[in-house]
Amino acid sequence: MKKIYRFRALALLACALHFSGCQKGDGPGSGPGYVVYAGGYYQVGSEFIACVWKDNVRTDLPLPEGVRNACCYSVAVSGGKFYAGGSYYDGGKDIPCIWTDGVRTDLPVPDGYRAVCQSVVVSGGIVYAGGYCIRAGRFRACTWTGTTFAELPLPDVAENSFCESIAVSEGQICAVGNYGVGLQNVGCIWKEGVCTNLARSGGENGWCSSIAIAEGIIYITGTYDNGSGSVVCVWEGDTRRDLPAPGNDWEPDCRSIVVSDGVVYVAGGGYRSGSEPIVCVWAGDLCTELPLPAEAGDEAYGRSVAVAAGVVYTAGNYYKDNRWTPLVWIGTTRVALSLPANTKNAECYSIAVAPKI
């Protein structure tokens, strides 16, 4: 595990300075010289409206006429263009799509399929996407290279499967997700057309939620059941490393991983005993809890993390009184995302940061 620890002493000191140098509170804006993009949805009445925020200015993503139920699950910036991946419901089925600078392109699926795009990556000018499709009542992990659809292979015993996140290296998609066997959930990676289970200890269940590739090394974050509870972890290649919990007696979750200057960052959260919500970011083994509003209760999660010029950007949500509310943190400065006054629910699933042009 040399790659994780090589820069730890200096990098974690830098991380501590970037986190501690920010103050709690609400406020707009981004880091100097950078633009912050976030993607998600908001609900008004019974309609779910896919949207993106650019430096906290919200824009609804265009849909076919008459369609209003949609969600953006992933955002990316490449070559000065902004990409958002998600899906919309046309009244009969879910349709996966990519928005490129706001222009929607539906992703193809075989006849009779429904599908959702959960992850988007741009590499070498090609747009890659990952998600899941539904056929014959079963969920199946799938990917798109440009507009070429591929269903990911599974062991014969597998039932439902999901692709949660993708990364691209030398034109090849690496995808992570899960498949089910009876009551067991198995975390796995698909690489070069092969499905491989990820190592875990104890218990029966494992989940993989996010993947990153840095200097040819694959990093994955997820959770597994050790027999007495859930544990948040990182896999570097085939080696698993458990992340320290922010206190005892908590129910953890992690959703996003990124590697910057040799340091592995993971966004997650959950709640402590008594339903005290937590959103946190790990930089290596250093866990930093992010400030939540005083009214936050029940649950909270960090859904996505990005790093630019040493500053950590996190997107997440908290739940209170039957309502989800999205937030972004720049370092530890909390930003309430702009929403219409009549919003019933809203969530932010993804964040990306790019230099201002």
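All of these numbers come straight from a predicted model, not from anything done at the bench.
Remark: Arg114 engages Asp94 in a salt bridge, criterion side-chain N to carboxylate O under 4.0 Å.
Aromatic ring orientation, Phe149 versus Tyr113: perpendicular (interplanar angle above 60°, classes split at 30° and 60°). The aromatic rings of Phe162 and Tyr132 lie perpendicular to each other, with more than 60° between the two planes, well past the 30° mark.
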| Given Tyr179 and Asn197, is the side chain to side chain donor-acceptor pair (under 3.5 Å) satisfied, shown in steps? | CA-CA 10 Å; Tyr179 67 86; Asn197 298 347; 2.8 Å; yes
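Of the possible donor and acceptor atoms, none in the side chain of Asn185 sits under 3.5 Å from a partner among the backbone N and O of Gly180. Looking at Gln118, its side chain never comes within 3.5 Å of a backbone N or O of Ser165 through a donor-acceptor pair.
Only one option out of Trp324, Tyr37, Tyr73, Trp53 pairs with Tyr349 in a ring-ring contact (aromatic ring centres under 6.0 Å, His included); it is Tyr73.
Side-chain contact between Cys254 and Trp207 is absent, with no heavy-atom pair separated by less than 4.5 Å. The shortest distance between side-chain heavy atoms of Val116 and Pro96 does not fall below 4.5 Å. Side-chain contact between Thr221 and Val264 is absent, with no heavy-atom pair separated by less than 4.5 Å. With contacts defined as side-chain heavy-atom distances shorter than 4.5 Å, the pair Thr59/Lys54 does not qualify. Side-chain contact check for Leu154 versus Cys188: every heavy-atom pair is 4.5 Å or farther apart.
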